[in-house]
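Fair warning: this is a prediction, and the values are worked out from it, not measured in the lab. In listed order, ligands and their atoms are each counted from 1.
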Amino acid sequence: NKGVAPVTYGTGDRPPRGDYGRARSDYTCAQDFAQYTEADHVTYRRLYQRQLQQLPGLACDEFINAVQQLGAPERIPRFDDISERLMKATGWQIVGVPGLIPEEAFFALLAERRFPVTDWIRKPEEFDYVVEPDIFHDLFGHVPLLFNPVFADYMQAYGAGGMKASRLDACELLARLYWYTVEFGLIQTPQGLRAYGAGILSSAGELRYSVTSPEPQRVGFDLQRLMRSRYRIDTFQASYFVIDSFQQLFDATAPDFTPVYAQVRERIAHEGEIEAGQVLAGERLYLALGA
Ligand code: HBI
Ligand code: FE
C-alpha cells in the first residue's frame with residue numbers, strides 16, 4: 001500500500017522515513033515546505049557551505065559552474081523556483097517524492113525529464129551520514145549537473161533505457177551503470193581526476209577520498225565490465241569508474257542494451273561477478289590525483 005516505502009534500497013526492513021501516503025500514483029508529491037523547522041534550514045545551510053568550500057580541485061568544473069543555480073543556501077529552496085531555471089536550461093524539472101521510489105516509477109520520471117527530489121532533510125545528528133538519500137543529497141548532488149545539456153540528455157536516455165530494462169529483467173545490471181556513473185562517477189580532465197557523481201559530491205568525506213586516496217581502484221569506463229561489478233551502499237566505494245567526457249557517457253547509452261545484457265550475463269556465467277575493489281589483469285587503472 002502507499003503508506004510503506006516500496007523500496008528498502010539497502011536499508012533493510014527499517015520503516016520508511018517519508019510519508020508515502022501523500023504521494024500520487026506516480027509516487028510524486030508536492031514539496032511540503034511547512035515541514036521544515038528552523039533547525040532544518042540551518043542543517044541545509046551548514047551542509048551546503050561545508051561542501052561548497054571543498055569543491056575546488058575535487059569537483060568537475062561543470063558541477064562547480066552550475067551549483068549556484070540552487071540559489072542562496074540561507075533557506076531550503078523551493079523546488080518550483082529551481083524547476084523554472086532548470087526548464088529553461090535543459091527542459092528538466094524537479095518533482096517532490098517522499099523518498100526512494102520503485103525503479104519503474106523512477107525510470108519513468110527520468111524518461112520524461114522529471115527528477116525526483118526527496119523533500120525531507122536529515123536530522124542534525126545525521127549531519128555526517130544519512131542512510132537514505134535526503135533533500136541535500138538529491139538537490140546538491142544530482143540537480144546541478146542537470147543544467148549541463150549533455151549530462152541532462154544522458155539522464156533522460158538512462159530513464160528510457162531503464163523502462164526497457166524492467167521488461168528485460170535487467171534492472172540490477174542497469175542499476176550498476178547508474179551507481180558507478182550518476183552516483184559515484186569520476187571524470188578525467190586536463191587538470192586531472194575530478195568527481196561528477198552525486199553520491200560523492202554530496203558526501204563530506206568521500207569527495208576528497210574518491211579523487212585523492214591511494215586506497216580505491218579507479219578503472220577506465222567499460223560498460224560491460226561496469227555491469228559485472230558489484231557495489232556496496234554503506235561504505236566509501238572500493239572501485240570507481242573514470243570517463244573522459246559526458247559525451248562518452250551519452251554515447252555509451254545510445255545503443256540498444258538488449259545484446260549488452262546478454263553478453264554481460266554470459267560473462268558473469270563464465271567468469272563471475274567482480275567484487276568492489278577487485279582489479280582484472282591488464283585493465284587500465286588511473287592514479288589518484290596528486291600521486
Ligand atoms: N528513488 N527517489 C529515488 N531516487 C533514486 O535515486 C532512486 C530511486 N529508486 C531506485 C533508484 N534510485 C536506483 O535503484 C536506480 O538505479 C534505479
Ligand atoms: Fe542519488
Side-chain angles (χ1 to χ4, degrees), residues 2 4-11 16-20 22-32 47 51 63 70 79 92-122 129-146 151 154-185 195-203 206-207 210 223 226-227 229-234 236-237 241 249 253 257 261:
K2 277 292 187 43
V4 179
V7 284
T8 54
Y9 203 71
T11 52
R17 295 280 292 255
D19 166 16
Y20 288 77
R22 64 191 165 113
R24 306 177 187 103
S25 59
D26 62 358
Y27 284 93
T28 63
C29 60
Q31 178 185 16
D32 173 9
L47 285 166
Q51 276 317 99
F63 181 88
L70 296 179
F79 292 179
W92 277 80
Q93 56 187 303
I94 60 177
V95 288
V97 286
L100 292 170
I101 63 176
E103 296 197 329
E104 292 73 14
F106 180 72
F107 292 136
L109 288 172
L110 296 192
E112 53 192 17
R113 292 192 177 238
R114 298 168 76 208
F115 190 81
V117 176
T118 295
D119 73 343
W120 53 261
I121 191 163
R122 68 192 75 181
Y129 182 71
V130 60
V131 180
E132 292 172 61
D134 70 340
I135 189 171
F136 182 74
H137 166 84
D138 282 337
L139 273 187
F140 192 91
H142 284 285
V143 173
L145 279 181
L146 290 175
F151 192 83
Y154 167 69
M155 288 293 281
Q156 180 181 19
Y158 179 86
M163 294 177 77
K164 190 167 183 192
S166 303
R167 294 194 296 275
L168 298 168
D169 194 27
C171 282
E172 186 181 7
L173 297 181
L174 201 72
R176 290 172 177 172
L177 176 59
Y178 188 83
W179 187 266
Y180 279 119
T181 57
V182 177
E183 294 294 357
F184 290 95
Y196 73 90
I200 301 176
L201 291 164
S202 60
S203 161
E206 193 156 4
L207 176 50
S210 68
L223 187 63
L226 181 154
M227 284 190 174
S229 302
R230 297 163 60 83
Y231 59 83
R232 291 186 50 183
I233 73 163
D234 56 355
F236 286 0
Q237 298 303 303
F241 285 82
L249 203 49
T253 320
F257 274 4
Y261 297 139

Looking at the Fe ion (ligand 2), which N/O/S atom of E183 is the nearest one? OE2

Using a strict 4.0 Å cut-off to heavy atoms of A175, name the atoms of ligand 1 that fall inside it. 16 (O)

For F107, take its heavy atoms, then give the atoms of ligand 1 lying under 4.0 Å from any of them. 17 (C)

Between Q237 and W179, is any side-chain donor less than 3.5 angstrom from a side-chain acceptor? yes

Do any nitrogen or oxygen atoms of E103 lie less than 3.5 angstrom from nitrogen or oxygen atoms of ligand 1? yes

Name, closest N/O/S atom of H137 to the Fe ion (ligand 2): NE2

Consider ligand 1: state whether an atom of it lies below 4.0 angstrom from any non-hydrogen atom of I101. yes

For D169, check salt bridge (Lys or Arg N to Asp or Glu O under 4.0 Å) against everything at least two apart and list the hits. none

Quick one: which ligand 1 atoms are inside 4.0 Å of a heavy atom on Y178? 6 (O), 16 (O)

With heavy-atom distances below 4.0 Å as the criterion, list the atoms of ligand 1 near G99. 2 (N)

Quick one: are the ring centres of Y158 and F107 less than 6.0 Å apart? yes

Within a 6.0 Å radius of atom CZ on R113, are there more than 12 heavy atoms belonging to other residues, nucleotides or ligands? yes

If you count the atoms of ligand 1 from 1 in the order shown, which ones are under 4.0 Å from a heavy atom of Y158? 16 (O)

Could you tell me if the ring centre of F63 sits under 6.0 Å from that of F140? yes

Answer yes or no: are there more than 12 heavy-atom neighbours, outside E172 itself, under 6.0 Å from its atom CD? no

Any side-chain donor-acceptor pair under 3.5 Å between T181 and Y154? yes

